[in-house]
There are 2 protein chains.
Amino acid sequence: MEIAENINLHMREIEDHFKAAISVDCVIFGYDESELKVLTLDCNMEPYLGFPSLLGDLVKNDENLDEAATRILFERTGITDVFLEQVKAFGETDRHPMGRVLTVAYYALIKVEDYRQNGQPRGIGAKWRSISQLNEMAFDHKNILDSSLHLLRKRLIEYPLWMKLLPKHFSLPELQNLFEAVLAKSIDKRNFRKKISKLGIIKEVGKKQEDVPHRPAKLYAVNEKKLREDYSFLLKNPFIS
Amino acid sequence: MEIAENINLHMREIEDHFKAAISVDCVIFGYDESELKVLTLDCNMEPYLGFPSLLGDLVKNDENLDEAATRILFERTGITDVFLEQVKAFGETDRHPMGRVLTVAYYALIKVEDYRQNGQPRGIGAKWRSISQLNEMAFDHKNILDSSLHLLRKRLIEYPLWMKLLPKHFSLPELQNLFEAVLAKSIDKRNFRKKISKLGIIKEVGKKQEDVPHRPAKLYAVNEKKLREDYSFLLKNPFIS
DNA sequence: AACTATTAGTGTATTTTTTACACTATCTAA
DNA sequence: TTAGATAGTGTAAAAAATACACTAATAGTT
């Protein structure tokens, strides 16, 4: 093939194809009030006016996908060092009214207390919504949420990711309830505790719950030393390069 | 905000952002000569001239991602109904010399015998390469291959995907070797057979290997009836919507 | 026909993991 | 003191995973 012809062909390819936009949408999970919640906005774009939407943005030209996700998390919550993992790309041709916008979904795990402290000023209009009340969403965001939740469920079983969702001090009933909320099933208390204790990565902090109208539960924290030994990859973010 | 201003802002967004191309790259796995192989091309683009590359193409404007992957598979192998699953998106800003090309990776499982029958005319220049010899690849394709192999390993453990790679009739030693090749570890023969037989989805076909210079192994086939009962989702392609 | 080389095929005992299951303990509020 | 509510604890049975060594069938050789 002649070089000129080759260049021509490339020109045509560029004209035909370099017309898409790339966005990142984040499914920001939080655990609060004994429920799994997602940080959402109210969509302001037709035809989805008022529908809950995920937090996303177009990817800048000099930004890779992980960077875009990290930026969105920071812009919206003020939190850095967020646990993030890519879910997958969503590329239906008609998924966005503005044109061809391929979106790459990430899920994020944050401690709601961190968000309350840092985030509210920036995350204007953002609302925590329980996953059980997220049925209709803007764009294909319900689809994205479902895929993300599916991935989170798998990850929660294989890695102790719950530590990214719970406050520094937490009780075993809280931890069990988190599992039950995410996996949407009830778990035997004794077997659950046996499994957690075998992990060996939490330790008692010597305190108890306060202000509860019943027997208070002991509080635990992650044992950073054991964590480093057995799950050092969780200290960095193993899923973000 | 004024409507005109709003439109203006959108115009700027379009100008700034709708400049990316989207491609799909397929990691086409095959099992042959007791090895896990990947269908590759020799890259003809600088600076990767001669490096092995995955089979990919730009996504057409009226095509979603799954459709593009299916098309690439068909164009390159002549095979329809290929088992495909999206791996993830790769979006480093500098991953492609032609500009910003976000690529979405898929892995595919095909029977090498099907490829030999249908494919060679179209897959001009395509070569099966053993994964062990794929160290340097064009673009970020080694990275894509690694992610795909990682996903395949997980999937192979949870689902009987090996049936997508083996010929209609296969022996248990072949099946075990496939596992060993994909997982890159050796497996105890008796325990392996126990596990496979508990699945209950293969049946003897009443034949034996021929032309082997030692005791011939019995041949098996997938029991379609049992498969429908226990793994009906594998008959369709569960990972392609 | 006997023998050698090579791979196929088979079962049991042990350990580990998972599951099922019910009562006592501690706190608040009345 | 009592009632209400939730926290906390152990054991036995079943299932799954692991470790392990010999006999069987075929082709090729002598």
Side-chain angles (χ1 to χ4, degrees), chain A residues 31-35 153-154 156-160 162 166-167 169-181 183-221 223 230, chain B residues 31-35 153-154 156-160 162 166-167 169-221 223 230-231:
Chain A
Y31 175 69
D32 193 33
E33 298 170 319
S34 300
E35 285 186 310
R153 285 175 173 156
K154 293 197 144 191
L156 186 66
I157 290 168
E158 47 182 358
Y159 306 114
W162 39 264
L166 289 174
H169 293 177
F170 55 88
S171 69
L172 291 178
E174 268 183 295
L175 176 54
Q176 177 169 349
N177 193 287
L178 163 56
F179 269 82
E180 292 179 332
L183 303 178
K185 68 172 190 185
S186 60
I187 301 172
D188 179 272
K189 182 163 48 163
R190 282 178 287 192
N191 294 338
F192 178 77
R193 283 164 182 246
K194 209 184 305 174
K195 228 174 188 171
I196 295 295
S197 96
K198 198 160 45 180
L199 287 178
I201 56 170
I202 65 173
K203 61 177 183 211
E204 293 187 23
V205 294
K207 292 183 190 169
K208 289 182 177 178
Q209 280 182 312
E210 283 169 20
D211 304 321
V212 288
H214 54 72
R215 176 175 177 176
K218 288 185 196 169
L219 293 181
Y220 293 80
N223 184 337
D230 299 354
Chain B
Y31 175 69
D32 194 32
E33 297 169 320
S34 299
E35 285 187 310
R153 285 174 173 158
K154 293 197 142 191
L156 186 67
I157 290 168
E158 48 182 357
Y159 305 114
W162 41 264
L166 290 173
H169 293 177
F170 55 89
S171 70
L172 290 180
E174 269 183 295
L175 177 53
Q176 177 170 349
N177 193 288
L178 163 56
F179 269 81
E180 293 179 332
V182 175
L183 303 179
K185 66 171 191 185
S186 61
I187 301 173
D188 179 90
K189 182 163 51 161
R190 283 179 286 193
N191 295 339
F192 178 78
R193 284 164 182 246
K194 210 183 302 174
K195 227 174 187 172
I196 295 295
S197 96
K198 198 159 43 178
L199 288 178
I201 55 171
I202 65 173
K203 61 177 185 213
E204 294 187 21
V205 295
K207 292 182 189 168
K208 290 181 176 181
Q209 280 183 311
E210 283 168 20
D211 305 321
V212 288
H214 53 72
R215 176 174 177 179
K218 287 185 196 170
L219 294 180
Y220 293 80
N223 183 338
D230 299 354
Y231 293 95

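For clarity, every value in this text was computed on a predicted model and none was experimentally measured. Convention: sequence-line order gives letters A, B, ...; per-chain numbering from 1.
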Next item on the list: Nearest whole angstrom, please: distance from the C1' of D/dA7 to the CD of A/E210.
Entry: 16 Å

Next item on the list: May I ask you to test the B/I202-B/L172 pair for a side-chain heavy-atom distance under 4.5 Å?
Entry: yes

Notebook entry, point to check: Can you tell me how far P of C/dT10 sits from CZ of B/F192, to the nearest Å?
Noted result: 14 Å

Next item on the list: Could you tell me whether the phosphate oxygens of C/dT17, OP1 or OP2, come under 4.0 Å of any side-chain nitrogen or oxygen in A/K195?
Entry: no

Next item on the list: Assess whether one donor atom and one acceptor atom, taken from the side chain of A/K189 and the base of D/dG8, lie less than 3.5 Å apart.
Entry: yes

Notebook entry, point to check: When only distance counts, do a donor and an acceptor, one from the side chain of A/K198 and one from the base of C/dT16, lie under 3.5 Å apart?
Noted result: no

Notebook entry, point to check: Quick one: A/D211 CG to D/dA5 P, roughly how many Å, whole number?
Noted result: 19 Å

Check: So what does B/K208 hit on the nucleic acid, given a heavy-atom distance under 4.0 Å: a base, only sugar-phosphate, or nothing?
Finding: sugar-phosphate

Note to self: With a 4.5 Å cut-off on side-chain heavy atoms, are A/R193 and A/P173 touching?
What the structure shows: yes

Next item on the list: With the side chain of B/R190 defined as its heavy atoms from C-beta on, choose the nearest nucleotide among C/dG9, D/dC20, D/dA7.
Entry: D/dC20

Checklist line | Euclidean distance, atom CG of residue A/L199 to atom P of C/dT18 [Å, nearest integer] | finding: 11 Å

Next item on the list: Starting at atom CD of B/E204, determine the distance to atom P of C/dA8, rounded to an integer number of angstrom.
Entry: 15 Å

Notebook entry, point to check: Atom CD of A/E174 to atom C1' of D/dA7: distance rounded to whole Å?
Noted result: 13 Å

Note to self: Here's a test of your reading of the structure: between B/H214 and B/K218, which maps to the more 5' nucleotide of DNA chain C?
What the structure shows: B/H214

Notebook entry, point to check: Looking at side-chain heavy atoms only, is the closest gap between A/F192 and A/L175 below 4.5 Å?
Noted result: yes

Checklist line | 5′-ward residue of the pair B/N191/A/K194 relative to DNA chain D | finding: A/K194

Next item on the list: From the options D/dG8, C/dC21, C/dA8, select the nucleotide whose nearest atom is closest to the side chain of A/R193.
Entry: D/dG8

Notebook entry, point to check: Expressed in angstrom and rounded to an integer, what is the separation of B/Q176 atom CD from C/dT10 atom P?
Noted result: 13 Å

Note to self: Taking atom types as they are modelled, would you say the side chain of A/R215 forms a donor-acceptor pair with the base of D/dA7 within the 3.5 Å cutoff?
What the structure shows: yes

Notebook entry, point to check: From B/Y159 OH over to B/Y231 OH, what is the distance, rounded to the nearest 0.5 angstrom?
Noted result: 10.0 Å

Next item on the list: Would you please test B/K154 and A/K154 for side chain to side chain contact (heavy atoms under 4.5 Å, CB included) and show each step?
Entry: CA-CA 11 Å; B/K154 293 197 142 191; A/K154 293 197 144 191; over 6 Å; no

Notebook entry, point to check: Touch check for A/P173, heavy atoms < 4.0 angstrom, all strands: base, sugar-phosphate only, or nothing?
Noted result: sugar-phosphate

Check: Could you state the NZ-C1' distance from B/K185 to D/dT18, rounded to the nearest angstrom?
Finding: 12 Å

